[in-house]
Amino acid sequence: MADPVADKSGFLCMYMSSHPDTLVAYAKHFGKVDAHILSAKMLSINSQGMDLEYKTKDSPNTPQVVRVEFDPPLLGYEEVKPRLLGMKADADEALGTAKAPQINHFEVPFRIWTTGSLLLFLIYCTYVPPNSQNGFWWLAHAIRSSVFLDSAILPAWVFVSIVHIAECVYAATLTRKHRMPWYIGVAWISSTIIFGLPVLMRLRHLIKQARIESIMKGT
């Protein structure tokens with residue numbers, strides 16, 4: 001079966017020739033080229049990846065080629081633009097060339113139920129009434145009656161606290177970097193210290209989407 005992306009390779013290469021800085025970013029970040037790149041152009045593209053030709057400051061008269069693989073591969077031509085935009089945002093962030101977009105809103109991610117459930121379970125096991133006969137506490141009593149499991153509760157709290165504090169500090173740096181209003185920043189930071197990774201992942205997703213929108217406005 002024909003590759004739907006390869007069929008449009010010529011057009012895509014011609015289109016990307018007007019975005020040399022983007023191709024340089026692809027070569028440096030995804031192609032792992034450490035040398036100072038003067039210019040880059042797309043030679044070909046298919047659903048598996050793209051071939052980029054680049055020239056470096058040390059060898060300006062000797063073009064070199066690097067293969068950048070798509071992970072995962074593209075399923076169709078309609079995925080080309082969003083994938084390339086996402087890769088541009090990732091490359092700019094990694095290379096430190098991205099202008100930080102402003103984030104002005106807060107969202108509660110659906111996945112907080114994962115860490116929220118684990119946190120509630122840890123609270124449930126920690127604060128079980130020692131002499132309660134209520135059936136609601138039978139599992140907590142069973143866990144606390146096990147020497148091994150009972151001894152794991154304190155280390156679990158220490159681990160959760162360290163991880164969530166570290167995630168909270170990172171979230172705080174993001175709120176400052178992306179110039180959030182103070183009340184929006186407080187919402188992200190407080191949610192991160194309670195629910196951890198799902199909140200942080202959602203914040204990073206919103207930042208990436210904002211970067212992509214910024215790139216599209218500049219094209």
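For the single chain, residues carry numbers from 1 onward in sequence order.
- Leu120 and Phe110 fall into different hydrophobic clusters, where Ile, Leu, Val, Met, Phe, Trp and Tyr side chains are chained together by heavy-atom contacts under 4.5 Å.
- Nearest heavy atom pair, residue Leu197 against residue Glu167, reads N-OE1, 3.4 Å.
- The hydrophobic clustering, which links ILVMFWY residues whose side-chain heavy atoms are closer than 4.5 Å, places Leu23 and Leu38 apart.
- The nearest pair of heavy atoms linking Arg111 to Pro198 is O-CG, 3.5 Å.
- Atom SG of residue Cys125 and atom CZ of residue Arg144 lie 8.0 Å apart, to the nearest 0.5 angstrom.
- In terms of heavy-atom proximity, Phe11 sits nearest to Tyr77 at CE2-OH, 3.5 Å.
- One distance of note links CG of Asn104 with NE2 of His178; it measures 12.0 Å at 0.5 Å rounding.
- The ring-ring contact (aromatic ring centres under 6.0 Å, His included) pairs that include a residue from residues 188-211 are Phe106-Trp188, where partners are two or more places apart or lie in different chains.
- Surrounding CZ of Arg67 are more than 12 heavy atoms belonging to other residues, nucleotides or ligands, all under 6.0 Å away.
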Going through the checks in order, is the side chain to side chain contact (heavy atoms under 4.5 Å, CB included) test met by Val80 and Lys8? CA-CA 10 Å; Val80 173; Lys8 301 286 187 178; over 6 Å; no

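- Considering all non-hydrogen atoms of both residues, Ser47 and Val5 come closest at N-CB, 3.7 Å.
- With rounding to the nearest 0.5 angstrom, the OG atom of Ser145 is 8.5 Å from the CG atom of Asp150.
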Could you give me the CA-CA distance, side-chain angles and deciding distance for Ile112 and Val199, then say whether side chain to side chain contact (heavy atoms under 4.5 Å, CB included) is met? CA-CA 7 Å; Ile112 62 169; Val199 178; 3.8 Å; yes

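- For the ring-ring contact (aromatic ring centres under 6.0 Å, His included) condition, no pair includes a residue of residues 21-73, sequence neighbours left out.
- To the nearest 0.5 Å, atom CD1 of residue Ile37 and atom CG of residue Asp21 are 11.0 Å apart.
- Nearest heavy-atom pair, Gly86 versus Ile212, reported as atom, atom and distance to 0.1 Å: CA-CD1, 3.8 Å.
- Between the side chain of Gln102 and the main chain of Arg179, a donor-acceptor pair closer than 3.5 Å is present.
- Taking a 6.0 Å sphere around CG of Asp34, one finds it holds 12 or fewer heavy atoms contributed by other residues, nucleotides or ligands.
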His105 and Leu206: CA distance, side-chain angles, deciding distance, side chain to side chain contact (heavy atoms under 4.5 Å, CB included) verdict: CA-CA 10 Å; His105 68 286; Leu206 291 176; 3.9 Å; yes

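- Environment of CZ in Arg176: sparse, with no more than 12 heavy atoms of neighbouring residues, nucleotides or ligands closer than 6.0 Å.
- You'll find the side chain of Ile207 stays beyond 4.5 Å of the side chain of Glu93, heavy atoms only.
- At least one side-chain heavy atom of Ile143 sits under 4.5 Å from a side-chain heavy atom of Leu139.
- How far CZ of Arg83 is from CE of Met50: 10.0 Å, rounded to the nearest 0.5 Å.
- Contact between Arg211 and Ala89 at its shortest, heavy atoms only, is CB-CB, 4.0 Å.
- In the hydrophobic clustering of ILVMFWY residues, with side-chain heavy atoms under 4.5 Å counting as a link, Ile194 and Met180 come out together.
- In this structure, Asp51 CG and Asn46 CG are separated by 7.5 Å, a value rounded to the nearest 0.5 Å.
- Trp137 and Ile153 are members of different hydrophobic clusters when ILVMFWY side chains are connected at heavy-atom separations under 4.5 Å.
- Every pair tested for ring-ring contact (aromatic ring centres under 6.0 Å, His included) that includes a residue from residues 151-172 fails, sequence neighbours excluded, so the list is empty.
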